[in-house]
Structures are given as C-alpha cells and as structure tokens.
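To find a chain, count down the sequence lines: A is the first, B the second, and so on, and within it residues start at 1. Every value quoted in this text rests on a predicted model; they were computed, and no experiment measured them.
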Protein chains: 2
Amino acid sequence: MKVLNKETDYAVRALISLGMKSDGWVSAKVISDEQAIPYQFLRRILQELIRSGLVESKEGAGGGVRLAKEPGLIAVAEVIEIFQGKVQLSECMFRKQLCSNRANCVLRHEIMRIEKMVNNEFSQVTIGKLIDDLKAVEAMNKTRQTEQQETV
Amino acid sequence: MKVLNKETDYAVRALISLGMKSDGWVSAKVISDEQAIPYQFLRRILQELIRSGLVESKEGAGGGVRLAKEPGLIAVAEVIEIFQGKVQLSECMFRKQLCSNRANCVLRHEIMRIEKMVNNEFSQVTIGKLIDDLKAVEAMNKTRQTEQQETV
DNA sequence: GATTTCTGATACCAATTTAGTATCAGTTAA
DNA sequence: TTAACTGATACTAAATTGGTATCAGAAATC
Ligand code: FES
Ligand code: FES
C-alpha cells in the first residue's frame, strides 16, 4: 500500500531544496535538475504550492520561486493535504451522508483514532526538521570520509 | 487521501459478520445481503481470504465459509496486507534498488517511524476487538431505546 | 526593442488501479 | 437430479496517476 504519491513526494523534496537556499529566487529548472524531478511535472506542482501560499514566485528572467514561510513552519501534513487531501483511512469517514452503513460500522471508531495519530505525526514533521536531519547526515558522511582519507 | 480500499473494507466487514456467527457455514449470499456488498465482488474477496488462511470454506449445498482462526487472533493489519500489501508511506522505502535518490533522502527516516507506528496500531486492532466494540454500541443503543420507551 | 529566461494556465496522454460483473466448472446435500 | 454452494478466472468501465506539451505573458539583459 503506497500512501504518499509522487506529487507529494516531489513537493516535499522541492520544498527542502528551497529551504536550503536562503538567498533569492530559484527557478524550477534548478530544482528539477537538483532533485531529478521531471521538469513539467514539477512546474505544475510548484504552481499548486504557490496557490496554496507555501511558496511565492516572481515572473520573468531572474525570477523563480522561494518559500513564503520559514521551513520550520511548513509541516509535511500541509503538503499532503494540498495534493492528496486530509489523511482518511476509510472513505466513508467524513462523508457521512454517503455512507449507508454508518450505524453498523465499528471500524469507524478505531480508524478515526489511528487517523488522528497519523495526521498528528505528519503535523510535527516540518521541512525545517527534514533539512536539519539532512544536514546532520551530510556532516556525518563528511566526517567518515575524512577518517577514511586519514587511514589511507 | 483514501488509505483503505473497498476490498480491505469489505473484507473486514465480512470477517466481522463471520465472527459474530459462531455456528456453521455461512454462504457468500448471506454476507453479501447483510453487509450490502456486491455479491460477485465479495466472492472474489472471500476466495482471497481463504487462500490466505483467514477463512475456510466448504463446497456444495449447505456449504459456505467460516473463520479459520479466533476473531481475536485476526488483526486488521493482516487483512490490509492481503489486499493492499504492507503499509508503505513512500514508495521508495523498501524497494531500495529502484530509488536513485536514497543518499539524499531525509524523508526516509521520519516516514519509516510513522510507518511503523501505523503498522503497529493496525496489528492491535483485531476482528474480535471490533466485534466487542460493535456489541457495546448495540447494547448502548438498546438501553437508550428502552429509556425512551419508559419516558413515553 | 528583440531576445532570453522565467512563471501562469491549461489541455492532453498512456498506463495502471479500482470497483464491479460475468461465466463456467465442480462439489455436496437433499 | 436438481438446487445451493465454492473455485477459478476473464472481462469491463471509470477514475487516478504520472507525465508531457503548448501558448501566453512578465521581467531582465543585450
Ligand atoms: S462509517 Fe461507513 S462503513 Fe464505516
Ligand atoms: S528513499 Fe528514495 S527519495 Fe527517499
């Protein structure tokens, strides 16, 4: 079962790219190359992020996009919601009118519990946090490389 | 974002139906009527549950299906895995060979954490537990109805 | 002012997945 | 022998997914 689709995945990676460049506007081309995301697909994703207010853009040569908020204030949960809607484990859940079986449904209670848990977790993971993780990993790799060179 | 599909949903409901009838074989027809599940679709789902060993069947007139294990020993996680595979939040996760971006991927760590949480939760929710919940709800409804009658 | 580098908007597409239907063969009880 | 069942499997329409393509317009630069 695959939960996050490519749009969400690419969006998060694009936001990470943006979050790591604090200076000026970044073109879709650059992000596309950096993260190996198909250019036209990424363009559509960025436009969606702009419409949602997570990212802002500047048209024309020298233009591009940049984060509209601090990385630490952008939760993965928001990104998921933009591209895939709120996490709903079972379809009948919030569209109560559509579900004829509601009265007999015991799944509802347990599923809502887990659902809330998941949403809560994704709300805690911000782009800022991911960037910190990434930097920590990079620092560790660097140290290891240096050690290896020393032993050569 | 819809996580559980109709197959899983129907399967769980069918298992609940079966779990509540401790006696003998139950035909697909009966379950189909009871849970308002399209007959042919349910048949395919039941066959899958049989192949997976959660349910056993008896052919011929008077035949049908029944649980192969105690309801308390059938976790929703198992059912999900049969129809949708293990919960994987992001696709690249376990198919490491397919993912060219692994070295740069920070999502991996956080996502695996949440993934484990979800799998763990679904492992705790058994058909038995859902049946208990259902019975509790039914009992409550009955009490409420009685009270209402008394006040009329 | 022409050209190049960008975004905005939107239409299109193939492949896959989802949800559901249909058919036929074989088994067992009555 | 017939009716009520499951086993196996093929088929389908519609939606979703992942990706492509096009054209218009904005700003910097030559
Ligand atoms: S609320 Fe609809 S089947 Fe559960
Ligand atoms: S492991 Fe593949 S992008 Fe994360």
Chemist: Taking atom C1' of D/dT6 as reference, at what distance in whole Å does atom CD of B/Glu56 sit?
Modeler: 14 Å
Chemist: DNA chain C: B/Phe83 or A/Gln47, which has the more 5' nearest nucleotide?
Modeler: A/Gln47
Chemist: Roughly how many Å is it from NZ in A/Lys29 to P in C/dT5, rounded to a whole number?
Modeler: 11 Å
Chemist: From the options A/Thr8, A/Val3, A/Asp9, select the one residue that forms a side-chain contact (heavy atoms from CB on, under 4.5 Å) with A/Asn5.
Modeler: A/Thr8
Chemist: If Ile, Leu, Val, Met, Phe, Trp and Tyr residues are connected whenever their side-chain heavy atoms lie under 4.5 Å apart, and connections chain through other members, are A/Val79 and A/Leu73 in the same group?
Modeler: no
Chemist: Check nucleotides 23-27 of chain D against the protein and report each pair of N or O atoms closer than 3.5 Å, with its distance, or say if there are none.
Modeler:
residue : atom : partner : partner atom : Å
D/dA26  : O4'  : A/Glu59 : OE1          : 3.3
D/dA27  : N3   : A/Ala61 : N            : 3.4

Chemist: Are any of B/Tyr39's side-chain N or O atoms less than 4.0 Å away from OP1 or OP2 of C/dA22?
Modeler: no
Chemist: Using a cut-off of strictly less than 4.0 Å, decide whether B/Lys2 has a side-chain nitrogen or oxygen near OP1 or OP2 of D/dT17.
Modeler: no
Chemist: Using whole Å, report how far CG of B/Asn5 lies from C1' of C/dG20.
Modeler: 13 Å
Chemist: DNA chain D: B/Ser27 or B/Arg44, which has the more 5' nearest nucleotide?
Modeler: B/Ser27
Chemist: With heavy atoms under 4.0 Å as the rule, sort B/Gly64 into base, sugar-phosphate or nothing.
Modeler: sugar-phosphate
Chemist: Roughly, in whole Å, what's the span from CZ in B/Phe41 to C1' in D/dA10?
Modeler: 15 Å
Chemist: Are the side chains of A/Ser27 and A/Ile31 in touch, meaning some heavy atoms are under 4.5 Å apart?
Modeler: no
Chemist: Which value, rounded to the nearest 0.5 Å, describes the distance between B/Leu15 atom CG and B/Gln35 atom CD?
Modeler: 10.0 Å
Chemist: Look at A/Ser57 and C/dG8 and indicate whether a side-chain polar atom (N or O) is within less than 4.0 Å of OP1 or OP2.
Modeler: yes
Chemist: Please check if any side-chain donor atom of A/Asn120 sits under 3.5 Å from a side-chain acceptor atom of A/Ser123, or the reverse.
Modeler: no
Chemist: Round to the nearest Å and state the distance from B/Leu49 atom CG to D/dG7 atom P.
Modeler: 11 Å
Chemist: Quick one: A/Leu4 CG to D/dT16 C1', roughly how many Å, whole number?
Modeler: 16 Å
Chemist: In this structure, how many angstroms lie between the P atom of C/dG8 and the CZ atom of A/Arg51, rounded?
Modeler: 8 Å
Chemist: Within less than 4.0 Å of OP1 or OP2 of D/dG18, is there a side-chain N or O belonging to A/Tyr10?
Modeler: no
Chemist: Rounded to the nearest 0.5 Å, how far apart are CD1 of A/Ile37 and OG of A/Ser32?
Modeler: 7.0 Å
Chemist: Given atom CD of A/Gln40 and atom P of C/dT7, what is their separation to the nearest angstrom?
Modeler: 11 Å
Chemist: Are A/Phe122 and A/Met117 grouped together when hydrophobic residues (ILVMFWY) are joined by side-chain heavy atoms under 4.5 angstrom apart?
Modeler: no
Chemist: Which residue, B/Leu46 or A/Pro38, contacts DNA chain D at a nucleotide closer to its 5' end, judged by nearest heavy atom?
Modeler: B/Leu46
